[in-house]
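So you know, we letter chains A, B, ... as the sequences are listed, proteins then strands, and number each from 1. This is a predicted model, so every value here is computed, not measured.
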Amino acid sequence: MPRPPLQLFNSMTRAIEPIVPLDRAGKRLSLYVCGPTIYNYGHIGNFRTYVAVDILRRALRHFDFEVDHVMQFTDVDDKTIRGAHEKGLPLKEFTAIFRQAFLDDAKTLNLEVPPRTPNATDHIPAMVALIQKLIDKKSAYVSDDGSVYFRIASFPKYGCLCHLDLSSLISGARVNQDEYEKEGVGDFVLWKKWVPADGDVGWDSPWGKGRPGWHIECSALSMEHLGEQIDLHGGGTDLRFPHHENEIAQSEAATGLTFVRHWFHVEHLLVDGQKMSKSLGNMYTVRDVLARGYTGRELRYALLSGANYGKNLNFTWQGMEDAKTALHRIDEWRKRVRDKAAEGPPSDGAASSLPAQEFVAHCDAALADNLNINGALGHLFELVRQTNGALDKAQILPGEARALAAAWTALDSILGLGDATVVIPVEVQTLLDQRAEARKAKNFAKSDELRQAIEDLGWKVKDTPKGQELLPG
RNA sequence: GGCGGGGUAGCCAAGUGGUAAGGCACGGCUCUGCAAAAGCCGAAUACGCGGGUUCGAUUCCCGCCCUCGCCUCCA
């Protein structure tokens with residue numbers, strides 16, 4: 001069955017467009033994602049973005065692209081320098097802690113970490129070279145104090161990504177009046193001259209000791225790793241301006257080529273309908289969610305099903321609870337399907353797996369349409385209801401069940417939910433074994449007693465025709 | 001002020017020019033030593049408001065209201 005072409009919203013053109021990579025064969029696709037600034041534990045808003053990117057990456061692969069994915073870690077900026085200073089640690093050591101924390105959280109959420117995740121500070125020479133190129137082309141200038149700025153006036157397209165009018169930008173209210181060393185108020189820094197507050201953080205450059213500005217790292221790193229033009233570039237919506245706008249300016253001024261063919265931006269997550277903020281006390285980390293007894297898998301489900309990536313996602317604890325229940329429904333269904341599949345040979349009824357085939361086609365259509373995950377989930381739950389009913393009536397053959405399991409696997413290659421992993425503590429298992437014996441002896445008083453004991457340890461036990469089944473409380 | 005996203009049953013959320021998926025919650029039933037869990041069935045009779053186009057609009061156009069975001073810290 002031919003698969004529809006993958007189409008995604010392009011925030012540059014504000015239209016849903018097919019993904020057409022630069023690669024002539026149409027196979028290899030470069031994807032650059034702006035990674036986190038590693039000065040703290042990531043919050044669920046950060047990870048909403050990275051879950052969406054993970055879905056994107058998996059979907060691209062599903063639609064037969066060979067994805068070359070790079071994401072950098074920003075390990076030098078005001079916040080990392082301040083954090084390192086407060087902890088009394090060298091910058092590198094300080095950021096290493098949170099780089100690892102991010103990777104740990106990514107694992108919790110079953111994110112596929114890109115094979116290349118460079119740290120910005122490991123590529124200072126590439127940034128210096130790019131800045132020099134911009135100076136040579138008169139797109140950048142060295143200010144009196146030794147910082148280097150990008151000259152916006154040299155780049156007429158400036159504002160194209162965010163559809164901003166440069167004149168209104170210049171007269172905007174939030175311009176810092178003190179930055180007199182710049183030629184134009186919209187000019188942004190490429191190289192920051194060292195100041196005492198930077199401590200021992202600084203690198204030598206043709207313009208003296210300093211550090212790179214925030215935006216230059218993404219241009220330099222993406223060019224170094226993926227070439228001067230990339231197919232897809234994404235990140236949180238807040239990066240559109242100024243970060244991505246500035247990336248376009250500095251990259252295209254340097255190369256004369258279109259920097260990015262397709263822009264992918266993920267809308268923000270809200271908590272209880274409000275923006276996350278420290279003052280509201282609603283900034284949750286992945287660890288906070290785990291501490292409430294939820295699994296990373298449940299959080300992943302909540303983040304991928306809460307809303308399409310292009311819309312605000314409103315995170316609530318009730319939503320977390322809903323996600324847990326819905327996911328459990330899927331798990332129960334998968335268990336039934338798996339059991340049925342094990343009952344007979346694969347060939348048994350495989351030919352009549354029409355529902356599974358239709359389901360896969362529906363999912364492909366939904367996913368191809370700007371990653372409509374909720375559309376695909378809708379089809380999944382319809383399939384679940386339909387086949388549960390048939391299983392109740394013993395109308396599903398083992399081969400059909402296998403086809404259903406395979407259909408799920410196909411969807412899950414994108415959802416990335418995998419299996420629920422339940423680790424049963426030894427003491428619970430012991431009680432469970434004792435209860436099985438009691439039940440065998442029809443000693444229901446003892447059985448109930450043991451069930452209570454198991455519940456006291458935070459687990460639920462249910463009796464099925466196949467024996468006891470344990471569920472996390 | 002400029003630009004943009006939303007307003008779909010109690011909550012969350014797809015989608016469509018021909019009266020609208022799905023999830024959660026809710027009710028009934030089945031199963032069960034009792035439970036729990038699970039499954040099935042069901043109800044709600046939902047498309048912000050006012051115009052317009054159309055045989056017909058939730059879906060297109062205009063206006064309005066509400067809400068969220070961006071306009072150089074921020075995933």
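Between the C1' atoms of B/rU45 and B/rG50, the separation comes to 25 Å (whole Å). For the P atoms, the distance linking B/rC74 with B/rU16 amounts to 35 Å, nearest Å. Using atom P as the reference point in both B/rU58 and B/rC71, the two lie 37 Å apart (nearest Å). Between the P atoms of B/rU8 and B/rG48, the separation comes to 6 Å (whole Å). Remark: the separation of the P atoms in B/rA57 and B/rG17 is 14 Å, to the nearest Å.
Under 3.5 Å, the side chain of A/Arg451 and the base of B/rA35 form at least one donor-acceptor pair of N or O atoms. Not a single donor-acceptor pair, N or O on each side, falls under 3.5 Å between the base of B/rG23 and the side chain of A/Arg329. Contact annotation: side chain of A/Arg385 to base of B/rC41, donor-acceptor pair absent below 3.5 Å. A donor N or O paired with an acceptor N or O is found under 3.5 Å between the base of B/rG33 and the side-chain atoms of A/Asp448.
When Watson-Crick and G-U wobble pairs are counted only if both distances are under 3.5 Å, B/rC70 pairs with B/rG2. Within the shown strands, nothing qualifies as a pairing partner of B/rU54 under the Watson-Crick or G-U definition with both distances less than 3.5 Å. Pairing for B/rC24 is with B/rG10, a Watson-Crick or G-U wobble pair whose two hydrogen-bonding atom distances lie under 3.5 Å.
Outside the 6.0 Å centre-distance limit, the rings of A/Tyr149 and A/Phe188 are not counted as a close aromatic pair.
Nearest nucleotide to the side chain of A/Asp392, out of B/rG6, B/rC40, B/rA21: B/rC40.
Using a distance-only test at 3.5 Å, with no hydrogens or angles considered, a donor-acceptor pair links the side chain of A/Asp145 to the main chain of A/Ser147.
For A/Lys79 and A/Tyr39, the positive end sits near the middle of the six-membered ring, less than 6.0 Å away and at most 45° from its axis.
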